[in-house]
Structures are given as C-alpha cells and as structure tokens.
Amino acid sequence: VDVLDGIAQGFAVALNPVNILYVFLGVLIGTVIGVLPGLGPTATIALLLPLTYEIEPHTAVILLAGIYYGSMYGGTITSVLLRLPGEAASVVTTFDGYEMAKQGRAGPALGIAAIGSFVGGVLAVVGLALLAPPLAALAVSFGPPEYVALTALGILLVTYLGTGSALKSLSMAALGLLLATVGQDPIEGTTRFTFGQVALFDGLDFVAVAMGLFGVGEILHSLERTEKVQAVTRKIRHIWPSRTDLRDSAGAIGRGSVLGFLIGVLPGGGGVVSSLASYALEKRRAKDPSRFGRGAIEGVAGPETANNASSTSAFIPLLTLGIPANVVLALIFGALLVQGVTPGPQLIDQHPEIFWGVIASMFVGNLMLLALNIPLVGVFVQILRVRAGVLAAFALLVTMAGVFSVNNDATDMWVVLAFGLLGWLMKKTGFEPGPLVLAFVLGPILERAFRQSMLISGGSLDVFVTRPISGGLLAVTALVVVVSIVTSRRRARVLHRHGVPAATHDELTPAEGDR
Amino acid sequence: MNRLRLAATLVAALLLASCGAGQRSEQPEVYPSEQIRLIVPYTAGGPTDIAARSLGSYMEGVLGQTVMVENLPGASGSAAYQELVSADPDGHTLSMTALPTAVLNYLTNDVGYTRDDFAPVGVITQVPSALVVPAASPYADLTALFAAARTDPALVSVGTPGATNTHAAETKRITQLYGVPLTVVPFEGAQEVLTALLGGNVAAGFVNASQDILPSIESGQLRVLAVGTQARLPYLDSPTFVEQGYPELTRSTTTFGVVAPAGTPSAVIAQLEQIMRAASVDPETRRSIGERYVPDQFMGSAELAALFTEAEQTFQGVASGG
C-alpha cells in the first residue's frame with residue numbers, strides 16, 4: 001500500500017504541467033544528443049547541470065534522468081542507419097542493426113529497439129518502485145565499514161567492467177582518488193595540497209572537474225574529427241516490426257529487461273556493460289549463433305532493452321545509499337547536492353516528491369519516447385547535419401558560464417580549462433575519463449568512511465570482515481577480480497571480431513574506439 | 001576596425017567616468033549611496049541564506065537601496081570572509097557569519113583573516129545544540145553515557161556534523177575539561193549523523209537543534225540527553241549540561257550574525273545595528289527566519305564582538321592540533 005501511495009504521489013508530481021514539460025525536454029534533448037556522435041549523455045548532463053540550479057530539485061532530476069534514458073533511444077538510430085554509435089551503449093547495436101539496415105530492414109530494427117527500450121524501461125521502473133524502498137530501509141544500517149566495502153567495490157567494478165584496458169582504467173581511478181585528497185582532511189580539518197589557497201579548502205569542485213573532462217574535453221576532441229557524416233538517403237519504411245519479428249524478439253526483450261536491471265544496480269554497471277552482456281546471452285542461447293552479426297533481430301532487441309533497463313535501475317544505489325553507480329548518476333548526485341539535497345537512506349522519507357516523482361516521470365518519459373521515436377526517426381537523423389563548429393562554440397560558452405555560476409569562484413574557471421585539456425589528451429591517448437571521475441566522487445566517501453571505521457573500531461581492521469554486510473561485499477569484490485579477468489578477455493575477442501567503428505566516449509569507452 | 005575599437009574604448013571610458021561622477025556627487029556621509037552586497041558564506045536555500053534574504057528585504061525597505069544577496073560557499077565560510085575583508089570598508093559590503101565556526105576556521109588553518117578584520121554589526125539568530133542518542137540506546141541519561149565512556153574509552157563515539165566545527169570542538173572540550181574520553185567521529189552534515197545514529201553506528205550525536213533535526217526528536221527517533229544552553233529551552237523537554245554538573249558546556253550554541261570589514265565608519269555600523277534591532281521585532285522577518293531562534297534580547301555590535309572574543313578564548317586550546 002505504501003508503494004501504491006508513493007506511486008500515486010509520484011504521478012501527481014510527474015503529471016504537473018511544468019514537470020511534463022521538463023520530461024519532454026529531457027527525452028527530446030536525450031534523443032538528439034544520442035543521435036549526435038560527438039555528444040553523449042554525460043557531456044550533455046555536465047553542460048546542463050548549472051541550468052538546473054534554478055528549478056526545483058525533483059524537476060531537475062526529472063530533466064536529467066530524461067536526458068539519460070532518452071539518449072539510450074537516440075544512440076540506436078545512428079548505430080542502425082550509419083553504423084555510427086551515437087553513444088557508447090549502442091556500440092553493440094551496430095553489429096546486427098546495421099546489417100538489418102543493409103538488408104532493407106532498418107525500419108523493423110529501429111522499431112524493435114524502441115519497443116524493447118520501452119518494455120525494458122517500464123519493467124525497470126516497476127522494479128525500482130518495488131525494490132528501492134526496502135533497500136533504503138536496509139541502507140540505514142549501512143555504517144562506515146559498509147560504505148568502505150561498497151565504494152571499494154564500485155571503484156574496482158568501474159575499472160574492471162570497462163571495455164578498455166584494465167591497466168589504463170586502474171591508473172585513471174588512482175588519479176581520481178589522488179585528486180580527491182585535495183582540500184581539508186575530513187577528520188582533522190588540516191589542509192592538503194591547497195597551497196594556501198582558501199578556494200581549494202573544499203577540494204577541486206566536482207562540477208568543474210566533470211565539465212572539464214567530459215564537456216570541454218569532448219568539445220576539443222570533436223573539433224578534431226574531420227570525417228564527414230554520410231547523408232542519409234535511404235528511405236525508412238515499415239517501422240512497425242512484423243509479427244514474426246515480434247515473436248523472435250519477445251524472449252530477448254524479456255531477458256534483456258532482467259539482465260539490464262540487475263547490471264544497472266551494480267556500481268560501475270551501466271549501458272555498455274549491460275548491452276554487451278545481453279548480446280552475449282542472446283548469442284549463446286540462439287539455435288543458430290551464426291545468424292548473429294548478419295542481421296539477427298534478437299541482437300538488436302536484447303541489448304537495446306538491456307541498456308534502457310540499466311539506465312533506470314542505476315538510480316537505485318543513488319536514491320537509497322547516496323552512491324552513484326556510474327558517471328551519469330554521479331552528475332545527478334552533484335546536481336542534488338548543489339540543490340541542498342543529500343541523496344541517501346533518508347531521501348525517500350524526506351523528499352518523496354523526488355523519489356516517486358522521478359519514478360513516475362520515467363514512465364511518462366518512456367511513453368513519450370515511444371511516441372516520439374517511431375514517427376520521427378527520419379527527422380532526428382537530419383540533426384547530423386548541424387556543423388560541429390557551431391555546436392562546439394555554443395557548448396563551450398554554456399560550460400564556462402555554468403561552472404562559474406556554481407560557486408561564483410574564478411578558480412573554478414581554471415580548473416575546468418585544465419581538466420578540459422586533460423580530458424582531450426586522455427581521449428587522444430585512449431584513457432577513459434569515467435573511472436577518474438567516479439573515483440574522484442567515491443574517493444572522499446571512501447576516505448571518510450575508512451577513517452570513521454578506524455575511529456569507531458579503535459584502529460582494528462577486523463571491523464570490515466566481522467560485520468556481515470561489509471564482509472559480504474568484500475567477498476564479492478574478491479570474486480569480481482577473478483571473474484572479470486576471465487570475461488574481459490572474452491569480451492575483447494567479441495569486440496575485436498566485429499571491428500566496431502569509433503565509439504565515442506561515455507561511461508566506458510572501448511579503447512580500440514580511439515584508434 | 002581600429003576606429004571601431006577606438007569608439008568602443010571611448011564609450012567605455014565615458015561610462016566609467018559617469019559612474020565615478022555619480023559616486024562623487026554623493027556626500028560621503030550619506031549611507032547607503034549604492035547597492036549593498038550581503039555575502040552568504042553558505043549555499044543558497046540553507047538557513048543562513050534564508051535569514052540573509054529576509055534581512056536583506058527588510059533592509060531594502062528601510063534604506064531604499066537594493067540589497068544583493070550573494071552566495072559564496074566554501075571552506076566553512078572562509079572564502080566569503082576573505083572576500084569581505086578585501087572589500088572597501090564603507091558599509092556597502094556585508095557578510096553573514098556563523099560563530100564559533102568563523103573563529104574555529106582561523107584557529108585551525110591560515111585562512112587570511114582573524115576576528116580583528118571584522119567589524120561586528122549584530123546577531124540575527126542563535127541555534128542551540130543538543131547531545132542526542134537513538135531511541136533504542138542503552139544510555140538512559142548523560143551520566144550513563146559518560147560512565148560508559150570512562151570504563152571503556154573506545155566505547156562511546158560521538159558523531160558530529162563536521163571536523164572543525166563547533167560540535168567537534170565542544171566534544172573535545174568535554175574530554176579536556178571533565179576527563180570523559182569520547183571519540184569524535186566527524187560526518188558531513190547533520191543528516192549523515194542522523195543516519196549513523198539510527199543505524200547504531202555511533203553511540204551519540206552532537207548537533208544543532210535546528211529545523212532539520214527537531215522532527216526526529218519530536219517523532220521519538222532520537223532522545224536528547226542534554227542541551228548546550230545556560231537554561232532549558234522552551235521547545236525541548238531536556239535538561240542542560242549545566243544542571244547535570246557540567247557548567248562549562250555552554251559554548252556550543254551557533255550564533256548567526258552580520259559583520260562588516262574592519263574600518264567601516266562607526267556611524268554606518270550604528271545605523272546598520274539599528275536596522276537589525278528593528279528587524280528583530282518585525283513580525284514578518286521573525287517568522288521567515290525561524291521565530292524560536294531569534295534571541296529574546298537583541299544583541300548588537302558590542303555583544304557580537306564579545307561573542308567573537310569568547311569563542312576565541314574558549315576554543316583556542318582544542319582547535320589547533322585536534
């Protein structure tokens with residue numbers, strides 16, 4: 001009954017005209033940037049973050065969430081039509097989606113992706129509504145040792161589950177942790193690496209770092225790309241898949257929903273991992289695996305469903321524990337903090353309008369996306385004609401103004417430029433900014449929790465293994481190390497075989513995408 | 001191109017000159033002659049920000065000049081205080097302040113100011129603090145809690161909302177003055193202390209009895225063992241530290257006030273003090289800043305200055321070196 005009350009309250013929030021407008025804006029922006037290969041959800045959310053300070057916290061999250069799952073739809077379009085993943089999670093869709101397009105079946109490929117995304121999104125919303133409140137109740141018993149285990153696991157997962165080189169990911173995570181130590185010591189209050197600058201007492205500003213790495217770095221990188229996008233001339237017909245298509249995909253959509261939901265909840269999980277996992281699962285289950293890579297509709301339906309489901313379930317750790325599962329959620333975490341709302345176990349009780357409102361808005365947003373995508377695919381593709389130079393200049397302006405507005409502090413301007421440069425260099429050398437930013441966000445939580453644990457336990461490390469939840473999480477961490485070494489090798493082979501084209505950015509970028 | 005640039009420069013110069021002229025034509029005694037900046041050392045939407053905005057709108061009504069509230073969060077307020085002390089001491093730049101945090105900042109680290117760089121104007125609100133335990137706590141009262149700490153120093157951890165803030169410093173004073181070994185566990189904000197208390201991860205919490213904690217006390221999730229004021233509070237049914245035998249523990253109340261840069265003319269300070277005194281009895285202003293926190297007796301420039309001195313003397317011994 002509590003859940004039903006909550007959902008009713010959520011719809012009251014989500015169906016408020018202002019929020020309907022923001023959901024619509026979110027999914028529209030998401031779709032557009034999903035189509036544009038230069039810009040992913042991370043960069044876009046980083047760019048738009050400052051614009052959300054003036055709106056209500058729940059409306060801000062509704063908008064940002066809309067961009068996130070909206071981009072999952074948008075990314076599909078270019079993957080299918082041009083073999084150009086608009087965002088990283090759609091890399092897998094190029095395998096079979098583009099093949100279908102070559103066979104004249106672009107319509108059904110896009111159609112099934114939209115339907116799958118809708119089903120995955122809605123099922124994940126239901127899961128979120130049912131599972132998050134009991135998890136939040138459990139989360140109250142999460143003390144410092146549990147946070148240590150969880151953040152350690154998260155940092156490890158984001159580096160190991162990445163599709164690129166584990167060594168590069170680990171080194172970026174280490175750099176993120178190091179950068180996180182700048183500022184006042186969380187326990188003693190003494191200053192570290194501040195060089196006497198009061199502006200650095202609170203550490204480097206997260207928004208400035210993230211917008212530098214993802215926003216400015218991405219802008220610089222996209223200006224370098226000179227390749228021309230082929231004009232889309234082929235007409236897209238019969239978007240609605242045939243009955244055979246639907247029957248073939250039904251299982252893949254169902255499995256993709258569950259798999260995507262589960263992977264999304266994991267710290268470090270997210271779009272790319274879930275779509276890769278779903279693709280691997282479908283291929284393994286198929287009676288004739290050789291159809292995959294030659295236009296198998298399950299190879300589009302499963303991953304597209306999974307990445308959308310994961311983008312919804314990724315909200316669970318943030319809304320219940322205050323721990324962002326991936327970089328996009330880290331940005332949304334930042335947006336809430338700036339608004340004076342601390343995500344954590346108390347969020348559902350104290351800000352039900354955020355929790356339930358966002359859930360209900362996701363349902364509304366997914367419905368809008370289905371309605372938008374099926375008839376408007378042709379229109380969205382035309383967005384590819386916008387000149388990169390125009391887009392870049394505008395984006396840079398918004399970034400700089402936005403960063404300044406956070407603290408009214410000119411130091412942040414230098415931080416964003418320095419990290420922009422760093423982000424650009426990292427892209428060129430195949431280092432992913434994702435692990436760096438996530439480690440930068442989780443680092444202070446990890447450090448504070450570790451030292452709190454030491455204070456509470458009187459300096460004994462036993463506390464981490466004797467408490468059941470933290471001990472369990474650390475056991476999982478150990479398991480992940482073993483398992484991920486095996487799977488990352490297998491995944492590298494899959495990617496290699498398909499010769500995926502330049503996947504641009506986000507969450508976890510395949511290293512070979514940077515050529 | 002060159003001509004255009006010349007023209008632009010000329011226009012800019014003229015504009016600047018006209019601004020200057022406008023300023024000069026005013027008599028220096030007339031205050032305020034331009035808009036007033038009221039700096040808030042914390043983020044928008046917090047209690048300090050709300051207090052600043054209500055006071056600001058009251059001041060606008062009286063002074064007939066715009067009061068620009070400007071949020072400069074960071075470094076426990078030090079970023080804002082640095083900005084304040086580098087401004088012209090003419091009363092057109094003011095800042096909100098929170099004591100003892102403003103003093104603890106410069107006792108802990110070199111932050112580029114001390115209390116000598118401020119000209120205190122007056123007090124807006126005072127928020128008392130409370131030592132709380134979760135409802136299920138085995139410690140029935142302060143005596144039981146402190147007795148447990150004395151038998152096993154590692155047993156009693158006290159969560160505080162920050163590392164260098166009032167509550168951490170006052171907890172250290174308990175240990176120093178009364179020999180009660182308490183372990184200070186700093187969290188980030190009162191919300192996290194609340195979660196740690198409810199999850200049973202710290203034995204007690206030392207926090208402000210402000211709007212964000214009171215609901216948990218009223219609903220019975222938390223029990224108050226002691227409040228840090230001289231006399232009992234009308235809205236909390238709890239004994240004070242003083243009446244339980246700890247007369248020194250009255251320094252953890254947070255005082256929110258207004259300061260100007262040192263060197264601001266005393267006439268201007270007196271004028272501002274007068275406005276704050278009037279604001280403190282204005283029903284609408286009182287309501288929007290939280291009536292129960294407005295002191296019964298208005299505290300002006302001299303009283304705020306005394307609080308600065310007192311805070312410095314009280315916490316000198318505990319702030320440095322942790």
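Order of the sequence lines sets the chain letters (A, B, ...), proteins ahead of strands, with each chain counted from 1. All values derive from a computational prediction rather than experimental measurement.
Interface residue A/Q350: only side-chain heavy atoms are found under 4.5 Å from chain B. When heavy atoms are compared at a cutoff of 4.5 Å, B/V202 approaches chain A solely by way of its side chain, counted from C-beta outward. Residue B/A196 does not touch chain A at all, counting heavy-atom pairs closer than 4.5 Å.
Taking non-hydrogen atoms and a 4.5 Å limit, the residue list of residues 453-467 of chain A in contact with chain B, ordered by number, reads A/L455, A/I456, A/R467.
The shortest heavy-atom contact between A/Q452 and B/P186 is NE2-O, 2.6 Å. Across all their heavy atoms, A/D185 and B/A163 have their closest contact at O-CB, 4.4 Å. Across every non-hydrogen atom of A/Q184 and B/T164, the tightest pair is NE2-CG2, 4.1 Å. Pairing each heavy atom of A/Q346 with each of B/L198, the nearest pair is NE2-CD1, 3.8 Å.
Residues passing the side chain to side chain donor-acceptor pair (under 3.5 Å) test with B/Y106 are B/E312, sequence neighbours excluded.
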Problem - Working for side chain to side chain contact (heavy atoms under 4.5 Å, CB included), residues B/V111 and A/F201 - result: CA-CA 9 Å; B/V111 288; A/F201 273 30; 3.5 Å; yes
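Around CE of B/M68, the count of heavy atoms belonging to other residues, nucleotides or ligands within 6.0 Å does not exceed 12.
Considering only heavy-atom pairs separated by less than 4.5 Å from chain A, the leading option among B/T195, B/T160, B/T183, B/L194 is B/T195. The choice from A/R451, A/Q197, A/R448 that makes the most heavy-atom pairs within less than 4.5 Å of chain B is A/R448. When each of B/E188, B/Q82, B/E83 is checked for heavy-atom pairs under 4.5 Å with chain A, B/E188 comes out on top.
With B/N109 contributing its side chain and A/G189 its backbone, the two residues share a donor-acceptor pair below 3.5 Å.
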